[in-house]
Every structure is written in C-alpha cells, then in structure tokens.
There are 2 protein chains.
Amino acid sequence: MPNDSSPRARAREQTMRDIVRIGRAHLATDGAAALSLRAVARDLGLVSSAVYRYVASRDELLTLLVVDGYDELGDAVDTALASVDPTDFAGRMTAIGRAVRGWGLAEPATYALLFGSPVPGYEAPAEQTTGSGVRVVGRLVEVWEDAWRAGAIAVDDEPLKPRRLSRDLARIRREMGLSVPEALIARGLFAWAALFGCVTWEVFGQYGTATFAEPADLFEQHLAALVESVGLA
Amino acid sequence: MPNDSSPRARAREQTMRDIVRIGRAHLATDGAAALSLRAVARDLGLVSSAVYRYVASRDELLTLLVVDGYDELGDAVDTALASVDPTDFAGRMTAIGRAVRGWGLAEPATYALLFGSPVPGYEAPAEQTTGSGVRVVGRLVEVWEDAWRAGAIAVDDEPLKPRRLSRDLARIRREMGLSVPEALIARGLFAWAALFGCVTWEVFGQYGTATFAEPADLFEQHLAALVESVGLA
DNA sequence: TCGATTGAGAGAGCACTGCTCTCGTTTTGA
DNA sequence: TCAAAACGAGAGCAGTGCTCTCTCAATCGA
C-alpha cells in the first residue's frame, strides 16, 4: 500500500480530481446519458482501460458527480444563508429557495442528475450520497424548527387524519428530534417538494412557450406562496 | 403511392403500432436512456436497419413515446374529471392531482420521459408534442377560470409587482382569453409546478428513507395545500 | 397486361460505447 | 535488493445508432 503522501498517492489524487473535473465538464455539455468514460479518458490523455484503475465503472463516476453536485448545492445554500438575519425565518426560507434556483439554473446538467429522471439501471448508493443529499432539506427543517420555537409559525397542533399518517409523521418527528407539530412536518414536506418542483419546471423548460421578461419575478411570487404554505408570516 | 387502405398501408400502420407498443414496454422496463432501436427490432422479428423504414431515428421513437405518454396522461385526467361534480371546483382540482399522481406511479418510466431530465441532445419537437402536452394544465386552467367566474376563489385583484411581471401575466391572460386576475395566474403557475413537484418527488423516490404506511395519505395533505394555494375553499 | 416505380427487409459496415483481459513497465515498501 | 503492487497500453468482446447496398415483392400507370 502506497503511503498517503507518496508521489504515487498524490498523483492518484490529482488524477481522481481531474476525472471528476472532466466528467463535470462533459456532464455540463452533453448531459448524463452521454457521459462516456472513454471520452473522459481521451481528455485525460489516457487509454480507456486506464481510467478503470481509478473508477470502477461508469456508474461510479456518476456517483462521484452526484456527491460533487450535492456538495456544491449545499455550499451554495449555506453561503446564501450566511448573510441572512437568523431571526428572519421567512428570509431564511426565501434565501434557500433562491439559492436552489440559482444553482439549478447555473448547473442544469448536474441539477438534472440530482433531481431529474433516475438514470436507468443506476441507483445512487445511499451510503455515499445521502450525507450530502440531505443538506438542503436539513437547512429547511432548521428554519421551520427555529421559527416554531420562536412562535413565528401559525399552524394547527392537532394530529392529522388518517391516524396512520399521524403515526408516520409522529415517528419522523421523534426520529429527527423535532418539536414542530405534525401538520408542520406535512407542510414542510409539501414545501420541499413544491420548491424543487418550481425550480425543476424552470430549469427543464416546462413552462413551455410562456415567456417572462424576468423569470425571477415569477419565482419570487412562488417563494411567497411557499413561505405562506408553511404558515410563516 | 399506395392507397390508404391498401394491404401494404395497413401493414405499415400495424407495424408502427407494434413499434410504439414494444418501445413502451422497453421504456417501462429499462428506461429512456436504455431504449434501443436494435432491441425493438429484435422483438419485432426484424433486422435493425429495417425499422429505419418506419422511424427515422431513435429520437423520433422517443417523440412517438412522448406524444403517446402525454395522451395517456391526458386521458387519465379526463377520465377522472368525468365523475366529478363540475361545480365542485376543489374536487376537480383534487381529481386532476390524484390522476396525475396515479398515472405517474403506474408509468414511472414514461413519467420520467415527460417530466424528468431532458434527454441530452434531444428536444421534443414542439409541433408534435405541445398539442398533447398542454392538456393537463389546460384542465387546471379551466377549473380556476370556472371557479373564478363562480366567485368561489378569494384572491386579490390588484396587479402584481414588479410591473414587468404584471405585464407578462396580463399578456398571458389576454392571449388565453382568461378572466381570472393576474395574481391567480401566478398562483396557478405555482400550483401547476408544485403539483408535479410533489408527484415527481414521490415517483423518483426523493423522499428517501422517510417511509409512509400509505403515501397517498401524505399526498392528500399536499393536495389540500395546493387547493389552498390558489385560494379555493 | 406489362413495365417502371416504390416499399420492405436483409446484410455488411463504420464509429462509438462499457468493460475485461493480458502484457510490460514503474514505483513502492519490507 | 526484490517481490508485490500500481499503472498504463493494447487487444478484444458485445452492444449501440445509423448508412449503404442489395434483392424481392407489391403497387400503379399506361
């Protein structure tokens, strides 16, 4: 086993970084389905079989890019949150939404890899991706939890119907150590899915022929609806 | 030119139907990216080059499947609407939502083709797909328009800010001949994107490890939030 | 009815893909 | 110093989309 700081180990790390970098570039220009290990190898100046020393398969390269994407999105959200007053709960939620939209529009191919169609025959291995994948929703939950504790959210505190749903939500509440009521968890799950729905709609061009001078204006309206949907002022 | 009802023409139509049918089967089992003209040809008992007599390219087969999918989804929505009291506006909107979710869960691969990542290098030709693609949102608009005319929707009738957004919404209103106020158009666009966001989240498994005894229960909560978001009782 | 045109299918072939295997060469750690 | 490990190259297999040419049958006009 080579030492961690041996020339060979450092060269290996550099090659790994190059593979991810070139892979990201191909992803951005050609999309996930067209991502080719052979093309990455060519750009690296290697023969195709050589990259299999670093990446076990095309799917593993996809996993690397998935983790890379989740991390970058998480960083974008955290950066946006850094300049928001922590007691401005609606502002924090809005900032998260804007950050997700901004990153999605800037990196549509990676966004599609994370939130678009599952690549057939490929399932992102949970142990490698969930850690980075839950960062955004984690930040959202933090906002709702903080807002609830501060009494800034108006929502019913009664159990939802039917009881089996109430049980599931209560279990999630317990497992995550939350103090927000069940109804807010349900509303949070809605807001989470709806937020990405709005961003996906715009990134994938599903609005179709409807054109807007400044699409961000419409998104701000959507954000207001999202903030409203969880009972934030 | 062969007659429209000549044996050759009828055989050709049958072969076209077979191609779409087999293509749908492969789509369902292997996904869009793995859709292979050669495999379709094998299942048809033809050599690969022969199917090019019917379908110009793999992308054209995808287009056929896109149109087929939009039509099937539109039929599902129309069927669901047929058994709803037309004056029950919230019920109509709920029925549309349930139909979209039900179809998406039943046909995840086709759903992914329509609402997931755009296939790289492939853009669905608008002239062939938009006709079927706007059916669902068309039904939604009908509900909101009817509800507004019946006075069943509570929403501000003042122009939205900024003015450039107001102009765009007013233009859409004029072009579609709507009587609903601008704010309701914006809320409708939100509800549209959010609805498909919720369905996509479930079809693509983005809820992750959070499990529900009956996911439909959660979706019903989401539907309530959607109905609420457009100002319907 | 006959000849020309058209459509359909088969087969070969090109360039590409993911991936495996073997073969030398270089670097590493004991 | 030397065996082991890592590395890169190359060949090869099976699959892909797509094009080209060939043959044969169906169709249509005169």
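Lettering follows sequence order; numbering is per chain, from 1. Below, all heavy atoms of this structure are taken into account, side chains as well, without hydrogens, waters or symmetry copies.
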query: With distance as the sole test, does Gln206(A) use its side chain to make a donor-acceptor pair with the main-chain N or O of Leu114(B) at under 3.5 Å?
result: yes
message: Can a side-chain donor-acceptor contact be found between Asp18(A) and Gln14(A) if the only test is distance below 3.5 angstrom?
response: yes
- request: Kindly say whether Ser229(A) contributes a backbone atom to a donor-acceptor pair with the side chain of Arg187(A) at under 3.5 angstrom?
  value: yes
message: Distance check needed: dT17(C) P versus His26(A) NE2, whole Å only.
response: 10 Å
query: Looking just at side-chain N and O atoms, do Tyr111(B) and Thr200(B) make a donor-acceptor pair shorter than 3.5 Å?
result: yes
query: Any idea which of dG17(D), dA5(D), dT17(C) is nearest the Ala39(A) side chain?
result: dT17(C)
field: Counterpart residues, salt bridge (Lys or Arg N to Asp or Glu O under 4.0 Å), relative to Asp43(A) (two or more places apart)
entry: none
- line: Interatomic distance, CG@Leu62(B) vs CG@Leu35(B), rounded to 0.5 Å, equals 5.5 Å
query: Which whole-number value in Å describes the distance from Leu62(A) CG to dG18(C) P?
result: 10 Å
query: After noting the C-alpha distance and the side-chain angles of Glu142(A) and Glu145(A), does the key distance pass the side-chain contact (heavy atoms from CB on, under 4.5 Å) rule?
result: CA-CA 5 Å; Glu142(A) 279 176 17; Glu145(A) 180 76 6; 5.7 Å; no
- prompt: OP1 or OP2 of dG8(D) less than 4.0 angstrom from a side-chain nitrogen or oxygen of Tyr54(A), does that happen here?
  reply: yes
- prompt: Does the side chain of Arg12(B) get closer than 4.0 angstrom to OP1 or OP2 of dA8(C) through an N or O atom?
  reply: yes
- request: Rounded to the nearest angstrom, tell me the gap between atom CZ in Arg8(B) and atom C1' in dT5(C).
  value: 11 Å
- request: Starting from P on dC21(C), measure out to OH on Tyr52(A) and report it in whole angstrom.
  value: 12 Å
- prompt: Does Ser117(B) reach the main-chain N or O of Ser117(A) with its side chain, forming a donor-acceptor pair under 3.5 Å?
  reply: yes
message: Between P on dT16(D) and CG on Leu61(B), what's the gap in Å once rounded to a whole number?
response: 14 Å
statement: Separation of dG8(D) atom P from Leu44(A) atom CG, nearest Å, is 9 Å
message: For Arg101(A), run the side-chain hydrogen bond (donor to acceptor under 3.5 Å, both in side chains) check against Glu202(A), His222(A), Glu220(A) and tell me which one passes.
response: Glu202(A)
- prompt: In whole angstroms, how far is the P atom of dG17(D) from the CG atom of Asp30(A)?
  reply: 18 Å
task: Pull out every residue in residues 17-25 of chain B that has a heavy atom closer than 4.0 Å to any atom of DNA chain C, ordered by number, or say none.
output: none
Rounded distance in Å - CD (Gln14(A)) to P (dG8(D)): 13 Å
message: For a quick check, with a 4.0 angstrom heavy-atom cut-off, what is the B/S/- contact string for nucleotides 9-15 of chain D, read 5' to 3'?
response: BB-B---
